[in-house]
Amino acid sequence: MCVCVCTLVYVQTRGEKLRRAAVCIMTTLASFSLAEGMNIRAEIVVQCDDSRHKIQSSMLLLLQQHNQSSSCLKVRRGLLKGKQLIFNLSGAEKGVWSFYHFSQFSIFLGTYNVNGQTPKESLRPWLSCTANPPDMYCVGFQELDLSKEAFFFNDTPKELEWTKAVSEALHPDAKYALVKLVRLVGIMLIFYVKNEYAEFISDVEAETVGTGIMGRMGNKGAVAVRFRFHNSDICVVNSHLAAHLEEYERRNQDYKDICGRLQFRQLDPSQPQLTIMKHDAIFWIGDLNYRISELDVSNVKELIDKKDFETLHSYDQLKRQIDEEAVFVGFVEGEIVFQPTYKYDTGSDKWDTSEKCRVPAWCDRILWRGKNIMQQHYQSHMTLKTSDHKPVSSLLVIGIKKVNAEAYKKTFEEIVRNIDKMENECIPSVTLSKREFHFKDVKYMQQQAETLRLFNDGQVPCQFEFIQKPNEPTYCKPWLTANPPKVAILEKCKIFEVFVNRSTAPELNSGKEQIEDILVLHLERGKDYFISVTGNYLPSCYGSSIHSLCQLREPIQDMPQETLRDMAERSGDENGTYTEKPLDIPKELWMMVNHLFLKAIHQEDIFQQPGLRSEFAEIRDCLDTGIPDSLPGSNHSAAEALLLFLDALPEPVVPYSFYQQCLESCSNASQCEKIISMLPQCHRNVFNYLAAFLRELLKNSANNRLDVNILATIFASLLLRSPTKQDLAEKRKTQEFFQHFLAESS
């Protein structure tokens with residue numbers, strides 16, 4: 001016999017109607033129908049400031065009336081403890097509360113960084129290593145294709161090659177159906193289920209998030225699939241986090257970005273999108289890239305030879321970050337009893353013998369979060385030698401909920417009828433913790449959040465949402481969000497977030513727009529509440545025009561708002577009269593390029609590896625305030641700050657009005673040069689300055705590993721932006737156009 005014990009602590013305020021307490025209990029009982037057990041035993045605690053006898057009698061009467069027809073709920077008289085009345089409720093073994101039972105299913109999780117290789121050997125030693133065929137497979141790959149075409153166009157023939165290799169290596173004692181495949185550049189996830197279970201899979205969605213350079217490039221990031229199996233919601237994430245030993249903070253940031261940005265739409269568009277954590281079970285696999293710290297290569301290999309994995313694991317960065325609750329809070333990883341899976345000489349079991357001689361590490365990991373999950377094995381597969389990584393697998397058994405749909409429907413409808421009857425007699429009401437919110441010193445791409453707490457002081461549960469004001473397309477300004485926008489409440493927190501990005505910054509920089517808005521919170525069947533949101537925005541060079549920045553000899557935050565507004569109004573007027581001669585290029589652009597020229601011209605993977613968000617904030621503040629005199633942060637952060645600057649320009653370096661001419665002339669070098677000569681002076685200066693800098697970078701390609709294709713792809717998308725959505729053919733033409741200016745003779 002399976003028993004579920006639930007406790008509801010319900011605070012009753014003075015003067016509140018007793019019916020509300022009964023409704024809350026009935027609502028709670030409805031939620032008990034989603035409980036995990038066969039039997040229900042519940043304890044309901046009511047804080048009683050009113051008459052003890054009156055509350056006790058009314059509660060018992062309402063609860064017993066509700067259940068007298070089925071006798072499925074036993075109600076004992078309230079027991080007084082201080083100022084609390086405790087009601088004990090227990091369900092009969094075969095009562096109508098027995099909605100769910102659990103069935104055991106197995107899921108095979110596999111992760112393999114294939115280092116851009118094609119399949120050269122059977123994957124059966126990896127994917128068919130279990131005695132019995134798994135019920136489900138989720139197989140993840142990283143670095144599926146390292147070519148430029150895959151990186152920049154998300155197009156690769158290797159998707160088909162590796163998918164075929166997987167399908168041929170699934171357990172031979174079962175037949176499987178491919179449910180979903182999702183890929184972002186080289187990160188791919190494939191989901192299979194046994195044919196006989198395919199009909200029980202529903203609500204399948206797939207999403208991707210890039211965390212590479214500028215937070216968008218797909219060389220690093222995650223792909224994910226979510227689905228419902230019977231009545232359990234499951235999410236599987238395959239991620240490839242930032243590389244290099246010292247970059248564990250960047251890996252932590254990648255993890256948080258993935259959790260925050262990866263959201264699944266629901267079938268009901270009125271419902272908020274589902275985040276990763278809003279699932280019964282979450283499986284996270286991939287090349288997480290956490291390394292072994294504080295030990296040199298010889299010490300690590302000595303511990304491996306002794307098979308002292310416990311000691312070695314204590315130096316593992318992921319373990320330490322989990323212990324500090326920096327990442328993967330609530331996740332579990334099985335005991336590691338296999339040697340590190342990275343880095344090997346390709347085609348062998350030998351550790352890296354290259355000049356870099358990488359320290360071995362458990363880069364490839366499998367974690368899970370949720371109840372009723374048991375791990376059967378967690379191992380690497382040394383026989384596969386295609387890559388410099390070894391594949392890893394885990395077989396887990398998960399308890400999947402199955403519902404007695406008829407019993408659920410019957411009792412739920414009964415409860416809803418009772419609640420509806422009571423709601424018709426009551427008007428909803430809430431109290432707001434406050435109605436005015438002020439966001440101080442809002443900065444570009446720096447999120448601020450405030451909490452609104454709502455208290456249901458009415459007699460019934462209620463639902464609210466933010467509604468549009470007359471003649472406005474959305475319920476709030478684009479720099480503001482309320483999360484979630486619609487929800488049912490007894491007592492809930494509402495988070496207001498202010499975030500200024502490239503689309504909202506130009507109007508705020510110029511002073512045409514202010515951090516000011518009024519939100520209308522509408523209570524269903526009740527009244528509207530008005531919430532004021534204000535703040536002060538600190539102007540930034542990010543989101544300011546080239547023309548305006550060329551007029552500024554002082555940091556932008558030292559300038560009066562009236563001056564900035566006046567310059568924005570005259571932006572683009574080449575013949576305007578100014579007290580001082582404009583700068584040739586914005587000083588902020590010069591600071592970033594000069595910094596990179598002096599310190600990063602030999603930097604490996606420059607413009608391909610992202611920086612840290614905290615360092616970007618320091619660089620932005622330095623450019624906007626002039627303090628300190630030189631740029632802080634790493635070379636990668638400075639490089640990304642430059643790309644973000646170009647991306648945020650309201651009018652790109654090559655103005656929109658020239659875009660079509662550039663496409664038409666892309667194959668003719670002299671025509672391309674002629675178009676650039678026709679640009680407004682400040683735009684022409686910026687274009688030529690950047691092109692000259694990039695040519696210097698290419699002279700040092702032996703160290704920084706850049707080539708014309710990489711730079712053309714990255715910078716063409718920023719300098720020649722389309723006024724509308726750009727298709728693949730246009731992207732190729734913009735790159736061809738810009739390549740003419742990266743040649744030595746330019």
Side-chain angles (χ1 to χ4, degrees), residues 444 502 505-513 537-598 619-627 629-631 638 641-659 661-662 673-696 715 718-721 723 738 741 746:
Y444 181 78
R502 60 175 182 161
E507 297 288 285
L508 290 165
N509 282 331
S510 66
K512 294 177 182 177
E513 179 70 58
Y537 179 70
L538 300 180
S540 175
C541 62
Y542 287 86
S544 294
S545 70
I546 292 175
H547 185 270
S548 295
L549 292 174
C550 284
Q551 314 304 318
L552 297 179
R553 293 182 176 274
E554 301 299 323
I556 192 169
Q557 288 183 15
D558 288 350
M559 304 300 295
Q561 189 65 62
E562 297 76 18
T563 303
L564 297 177
R565 187 181 297 111
D566 180 57
M567 285 193 302
E569 290 173 355
R570 292 190 293 172
S571 183
D573 181 9
E574 289 285 307
N575 299 316
T577 56
Y578 302 97
T579 55
E580 292 185 86
K581 181 181 180 295
L583 300 171
D584 290 332
I585 60 172
K587 61 186 179 304
E588 297 84 0
L589 176 67
W590 175 85
M591 283 185 69
M592 287 185 281
V593 171
N594 188 61
H595 176 92
L596 293 169
F597 179 75
L598 295 175
I619 292 170
R620 176 206 59 215
D621 291 347
C622 171
L623 297 174
D624 291 340
T625 64
I627 303 171
D629 293 334
S630 59
L631 292 186
L642 172 60
L643 298 180
L644 289 168
F645 174 85
L646 297 172
D647 188 50
L649 290 171
E651 183 85 7
V653 176
V654 177
Y656 291 124
S657 57
F658 291 85
Y659 179 76
Q661 295 179 57
C662 294
E673 292 175 3
K674 183 177 180 181
I675 292 171
I676 295 304
S677 70
M678 296 164 57
L679 300 185
Q681 182 69 50
C682 55
H683 285 253
R684 182 168 69 250
N685 292 343
V686 168
F687 184 94
N688 290 330
Y689 181 64
L690 287 170
F693 166 62
L694 297 180
R695 289 195 294 272
E696 289 299 316
F715 280 86
L718 299 171
L719 304 182
L720 285 85
R721 297 205 307 263
F738 191 54
F741 298 91
S746 296

Identify the two heavy atoms, one from [X] and one from [Y], that lie closest to each other, and give their separation to 0.1 Å.
X: Tyr542; Y: Leu644; result: CE2-C, 3.7 Å
X: Arg553; Y: Leu583; result: NH1-CD2, 3.4 Å
X: Tyr537; Y: Ala505; result: OH-CB, 4.1 Å
X: Cys550; Y: Cys682; result: SG-CB, 3.8 Å
X: Cys622; Y: Leu631; result: SG-CD2, 3.8 Å
X: Pro680; Y: Phe658; result: CD-CE1, 4.3 Å

Side chains of [X] and [Y]: does their closest heavy-atom pair fall under 4.5 Å?
X: Glu651; Y: His683; answer: yes
X: Pro582; Y: Gln551; answer: yes
X: Met678; Y: Gln661; answer: yes
X: Val653; Y: Leu649; answer: yes
X: Val686; Y: Leu679; answer: no
X: Ile676; Y: Phe741; answer: yes
X: Arg565; Y: Glu562; answer: yes
X: Phe738; Y: Val654; answer: no

Has [X] got a side-chain atom pairing as donor or acceptor with [Y]'s backbone, closer than 3.5 angstrom?
X: Gln557; Y: Pro539; result: yes
X: Thr563; Y: Met559; result: no
X: Ser510; Y: Pro506; result: yes
X: Asn509; Y: Ser540; result: yes

With rounding to the nearest 0.5 Å, note down the distance linking [atom1] in [X] to [atom2] in [Y].
X: Leu623; Y: Met591; atom1: CG; atom2: CE; answer: 5.5 Å
X: Ile675; Y: Phe687; atom1: CD1; atom2: CZ; answer: 10.0 Å
X: Leu508; Y: Leu564; atom1: CG; atom2: CG; answer: 12.0 Å
X: Leu690; Y: Phe715; atom1: CG; atom2: CZ; answer: 6.5 Å
X: Tyr689; Y: Leu589; atom1: OH; atom2: CG; answer: 6.5 Å
X: Phe645; Y: Arg502; atom1: CZ; atom2: CZ; answer: 14.5 Å

(message) For a side-chain contact (heavy atoms from CB on, under 4.5 Å) check, start with the C-alpha distance between Asp647 and Leu643, then their side-chain angles and the critical distance, and finish with the verdict.
(response) CA-CA 6 Å; Asp647 188 50; Leu643 298 180; over 6 Å; no

(message) Could you check whether Asp584 pairs with Lys587 (Lys NZ or Arg NE/NH1/NH2 to Asp/Glu carboxylate O, under 4.0 Å)?
(response)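 So Asp584 does not pair with Lys587 through a salt bridge.
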
(message) More than 12 heavy atoms of other residues, nucleotides or ligands under 6.0 Å from CZ of Phe597: yes or no?
(response)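 No, CZ of Phe597 has 12 or fewer neighbouring heavy atoms, counting only those of other groups under 6.0 Å.
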
